[in-house]
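Note sheet for the following structure.
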There are 2 protein chains.
Amino acid sequence: MTTSVRQARPAQPTLEMVAEVAGVSRATVSRVVNGSTKVSPEIVAAVTKAIGELNYVPNRAARSLASRQTEAVALVVPEDMTRFFGDPYFAAVVQGITRRLDQSDYTLNLLVASSDPRHKTLRYLRTGNVDGALIISHHTGDDFVAELETTMPVVFGGRPSNADDLDAYFVDVDNAAGAETGTQRLLDIGRRRIGSIAGAGDMPAGIDRLTGFARTLERAGLPTDAVELADFTAAGGAAATRRLLERYPDLDGLFVASDLMATGAVDVLREFGRSVPGDVAIVGFDDSPAATSGPVALTTVSQPSEEMGYAMADVLLRRLAGDESMPHRTLMPTRLVLRDSA
Amino acid sequence: MTTSVRQARPAQPTLEMVAEVAGVSRATVSRVVNGSTKVSPEIVAAVTKAIGELNYVPNRAARSLASRQTEAVALVVPEDMTRFFGDPYFAAVVQGITRRLDQSDYTLNLLVASSDPRHKTLRYLRTGNVDGALIISHHTGDDFVAELETTMPVVFGGRPSNADDLDAYFVDVDNAAGAETGTQRLLDIGRRRIGSIAGAGDMPAGIDRLTGFARTLERAGLPTDAVELADFTAAGGAAATRRLLERYPDLDGLFVASDLMATGAVDVLREFGRSVPGDVAIVGFDDSPAATSGPVALTTVSQPSEEMGYAMADVLLRRLAGDESMPHRTLMPTRLVLRDSA
DNA sequence: TTGTAGGCGTTATCAT
DNA sequence: ATGATAACGCCTACAA
């Protein structure tokens, strides 16, 4: 009958014990553990051996207390997790983040930006619980994070929307360029009455993709009025498609700012008796699993989601390591993936 | 020119400083911070005031070092995050978990069970980095966690598949009962050639739902052979539906073990010229956003995903607080939500 | 009820 | 290059 499992944790070996086994001082063991160069090879060997024998693992709390660093970074995600994670794009980003972090000793603290961000979340971050922060998918108005950069290194996923965040670090794709490529594809296959379902206007990615779309059509001397906004969900994309179809029944091409929204568009189009890509060709954005989960495989502008997450973590880790030479913006390439819809 | 942001963290007030301001000893401050009853009201007031003035927040590392507890719990999710989070059900569960945790001082560490679980993940967990663990969506074969319960409190989301995990703590819904309700609905509206798309056979939820389905049909004296397995994704559901349709062209009812798979089923059905619910009525499971994101709103067996996450965290927290009176299994209710598909 | 003092496991500053 | 020896901020007997 163990009364309380909690206290029963078997005593872990300590630096001290390793030192004794290796016949050196704690300080020396600490040095080899932390990879100091100023230790003679023989001693390194002896210590390493002792560590192996005892199966020693540094105590995080003690290390953190003494070094004043936590070896933890926060992942701040928006409050509405269902919608956030509902988009495979984000899931992939997070996976990339963890992949990079797994190569380090850093831990990932999941922080859901509560509706009361000024208090709990911010306080937690400021209070020294983490060494740095990764912030994903923040909309305009999430300015509460602006000041954070003064406290600790922060890296954004996607260009921050705040105009004053000029010196924010972020990794993103060139959304405008990607949108141009996607829209151009529609032109290339002969479509001339092209519309777009754009992402919410409060997110830079949405704005930039719309810009690229419009720019391409203008260049071709075509009108850019067939645009509807949606919220990056399948349902939103479906609704926007209905509105668009009502206004422009002669639509023959559609550039959609996300694959998830595009799946909604496909549903509605077929519902209205339009074939894809026969009547209406569609180009999506993301190349997420959603692109191939629907009835018609989507031609889409692929962005390296997982790699973006990896890059985010990588930039943060480098900054934490003292490397301030990182460029503020890391732009990843997009590429057009041809499937059935366009 | 700040050379290094990292070290610049402003010195937080310490217990010692609070003690001085309040005119008491550190020990006393510690007592009121930790809510000891044996402190006189006046002193509590004085200390509380000092804490407020200094804006004192306990240092996690120090507390953890002294108390041998981390105030952190791990959230272990399966390696394939894209598929994991791609299912809105899980996103909701995680949201529920964070909601409960937000009411406590516990932090959530996101752990992706790597393909090498025996090493990194397990080592991390065992090495005292967290006080407890929440484990979600583990398949058969994830037995690496079985031994974990001997080290620290663990709570599973969904019944663990391991037969020997008799005394594991978990929160789940009564999947079999839910499936019965859903299948019964199909009978009630007059369907007689009913099939099912079941979840992967290596997950208890999938197995139990299939059991409920079969039981109901047997009770009605109907055959239970029209079953195809899928992997809980939309694409998987679509493929399974194709196979099913091929074998049983006369299908008029379909019980699908998840809404996500059901959306795939709807797509295929319409593609084959079958109307929903006209030709084939469909009942899903989960009542996730996927249920209403497609072309036809799904009648579905609703499970309280968010509440389940909340309950998981709640059980864990109670156990961490020393309350071992919690029941091992927490079963949440399902209910049938009537929409358009059946 | 309150205070004293030792210890938690590291890191970091000095000497040596 | 290595070793004492302080911190680091808090908890917790034990004493008063």
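Keep in mind the model is a prediction, meaning the values are calculated, not measured. Naming convention: chains lettered A, B, ... in sequence-line order (proteins, then strands); numbering from 1 in each chain.
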Pairs involving residues 18-46 of chain A, ordered by first then second residue, that meet salt bridge (charged side-chain N to carboxylate O under 4.0 Å, His left out) (sequence neighbours left out):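 Residue pairs passing salt bridge (charged side-chain N to carboxylate O under 4.0 Å, His left out), neighbours aside: Glu16(A)-Arg26(A).
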What are the 5'-most and 3'-most nucleotides of DNA chain C lying under 4.0 Å from any heavy atom of chain B? dT1(C) to dG9(C)
Going by number, which of residues 43-51 of chain A have a non-hydrogen atom under 4.0 Å from DNA chain C?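 Those residues whose heavy atoms fall under 4.0 Å from DNA chain C, taken from residues 43-51 of chain A, amount to none.
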Which nucleotide of DNA chain D is the first, and which the last, in the 5' to 3' direction, to come under 4.0 Å of a heavy atom belonging to chain A?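 It runs dA1(D) to dG9(D).
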Given that Thr37(B) and Ala62(B) both sit by DNA chain C, which one's nearest nucleotide is further toward the 5' end?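 Looking at DNA chain C, the more 5' nearest nucleotide goes with Thr37(B).
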Mind checking salt bridge (charged side-chain N to carboxylate O under 4.0 Å, His left out) for Asp314(B) and listing every partner two or more places apart, or none if nothing turns up?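 Only Arg100(B), Arg318(B) meet the salt bridge (charged side-chain N to carboxylate O under 4.0 Å, His left out) criterion with Asp314(B).
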Listed by chain and number, what are the salt bridge (charged side-chain N to carboxylate O under 4.0 Å, His left out) partners of Arg99(B), not counting sequence neighbours? Glu306(B), Glu307(B)
Taking only residues at least two apart or on different chains, which pairs with a member in residues 47-57 of chain A satisfy side chain to side chain donor-acceptor pair (under 3.5 Å)? Lys49(A)-Glu53(A)
If an axis is fit to five pairs at each end of the helix from dT1(C)-dA16(D) to dT16(C)-dA1(D), what is the angle between the two, to the nearest 10°?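 Between the first-five-pair axis and the last-five-pair axis there is 30°.
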Check side-chain contact (heavy atoms from CB on, under 4.5 Å) between Asn34(A) and all other residues, then give those that pass, not counting sequence neighbours. Ser30(A), Arg63(A)
My understanding is that only residues two or more places apart in sequence, or in another chain, count here; which of them pass side-chain contact (heavy atoms from CB on, under 4.5 Å) with Ala72(B)?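 side-chain contact (heavy atoms from CB on, under 4.5 Å) list for Ala72(B), sorted by chain: Thr70(B), Thr107(B), Asn109(B), Val130(B).
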Ordered by number, residues from residues 26-36 of chain B within less than 4.0 Å of DNA chain D (heavy atoms) are Arg26(B), Ala27(B), Ser30(B), Arg31(B), Asn34(B)
Please work out if Leu15(B) contacts a base, only the sugar-phosphate, or nothing of the nucleic acid, heavy-atom cut-off 4.0 Å.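 Leu15(B): backbone/sugar contact only, no base atoms under 4.0 Å.
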Run the numbers on Tyr106(A) and Leu320(A) for side chain to side chain contact (heavy atoms under 4.5 Å, CB included), then give the verdict. CA-CA 10 Å; Tyr106(A) 279 85; Leu320(A) 286 172; 3.7 Å; yes
By side chain to side chain donor-acceptor pair (under 3.5 Å), Thr37(B) pairs with (sequence neighbours left out) none
I would like to know whether Arg329(A) and Asp172(A) meet side chain to side chain contact (heavy atoms under 4.5 Å, CB included); could you show each step before the answer? CA-CA 8 Å; Arg329(A) 62 172 57 199; Asp172(A) 204 346; over 6 Å; no
